[in-house]
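A quick note: this is a predicted structure, and the numbers were derived from the prediction, not measured. Order of listing sets the numbers, starting from 1, for every ligand and every atom in it.
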Amino acid sequence: MKIITDIDEMKQFSRNLKKASKKVSLVPTMGKLHAGHKKLVEEAKKYGETVVSIFVNPLQFAPNEDFDNYPRDIEKDAEILSDMNVSCLFYPPSDIVKNTETFLINPKYSGMLEGVFRPEHFQGVLTVVMKLFCIADPDFAFFGLKDYQQYVLIKKMAEDYFLGVKIIPVETVREKCGLAMSSRNVYFGEEDKKRACAFYGALKKTADLFKGGEKSSEKLTSFVIKELINAGFAIDYAKITDEGLGGGKTDAERGDILLAAVRFKGVRLLDNIYFI
Ligand code: PAF
């Protein structure tokens, strides 16, 4: 596995792959790799030569958030990726965002859901992902569905700018108990982690209620809110919307998605479930 830290070298690496008629798959990450990232890499490898970027992007953290303490373990991450036969680890310096004056926003979608609680977050995400796309010039890029709003926004950005990169969504990987894999789960002690599993449990019960015939968005939303409160979570939001984030209707439909963010023991958790 090649490890690249230099922007020009990364550009050249990608160019060489393309010259050799290879497709480039990019998996952007912030490191501290877990089973969810491994699934992204496994998917990416099916599509082309895989480049995994590791960059904890300061632009997407608010000053009161956990940028400084965000879990990092580059040696272990490099070992994992090398064992997975990834073609390249791109580990850029902070220069890629330093002195940035041009930022990307999506006024319609950046400010809703997550954006209400993290107003600058998606501007930071879109800006850094665009930079990574400009450097690595991928044919395919892979994003986990746990961060559903992020996936939708990046897909729209790629379409809006005719980027020629295909955005591939990848299923959320969960612990046995249902808790979505997240680098931030390391913040939990064993006992609290067990209790955090009730987050997905509440979403699943709500999706089951829908499956059992309850279609009223209002009733389904009240149900999930009650479940979450009873399990000890502080709720940022719990919303049912169509899969394009266009909003909800009076009656939920198959293919709609329930998105939620909660806080538990100082950790913010994000998850979602499709109604099927
Ligand atoms: O999902 C993430 O880990 C990050 O938001 C991303 C896409 C790597 C951008 O920094």
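- Residue-ligand proximity, Gln150 to ligand 1, at heavy-atom distances under 4.0 Å covers atoms 1 (O), 2 (C), 4 (C), 5 (O), 7 (C).
- One finds no salt bridge joining Lys23 and Glu49 here, because no Lys/Arg side-chain nitrogen approaches an Asp/Glu carboxylate oxygen to under 4.0 Å.
- Under a 4.0 Å N-O distance rule, the pair Glu65/Arg118 qualifies as a salt bridge.
- Scanning the protein for heavy atoms near atom 3 (O) of ligand 1, the closest one is Met30 CG, 3.7 Å.
- Each of the following atoms of ligand 1 lies closer than 4.0 Å to a heavy atom of Gln60: 4 (C), 5 (O), 9 (C), 10 (O).
- Under a 4.0 Å criterion applied to the non-hydrogen atoms of Val128, ligand 1 contributes the atoms 9 (C), 10 (O).
- Between the side chains of Asn16 and Gln12, a donor-acceptor pair is found at a separation under 3.5 Å.
- The existence of a salt bridge linking Glu190 and Lys194 is excluded, since no basic side-chain nitrogen approaches an acidic carboxylate oxygen closer than 4.0 Å.
- If you look at Thr29 next to ligand 1, the close heavy atoms, those under 4.0 Å, all belong to the backbone.
- One finds no salt bridge joining Arg15 and Asp137 here, because no Lys/Arg side-chain nitrogen approaches an Asp/Glu carboxylate oxygen to under 4.0 Å.
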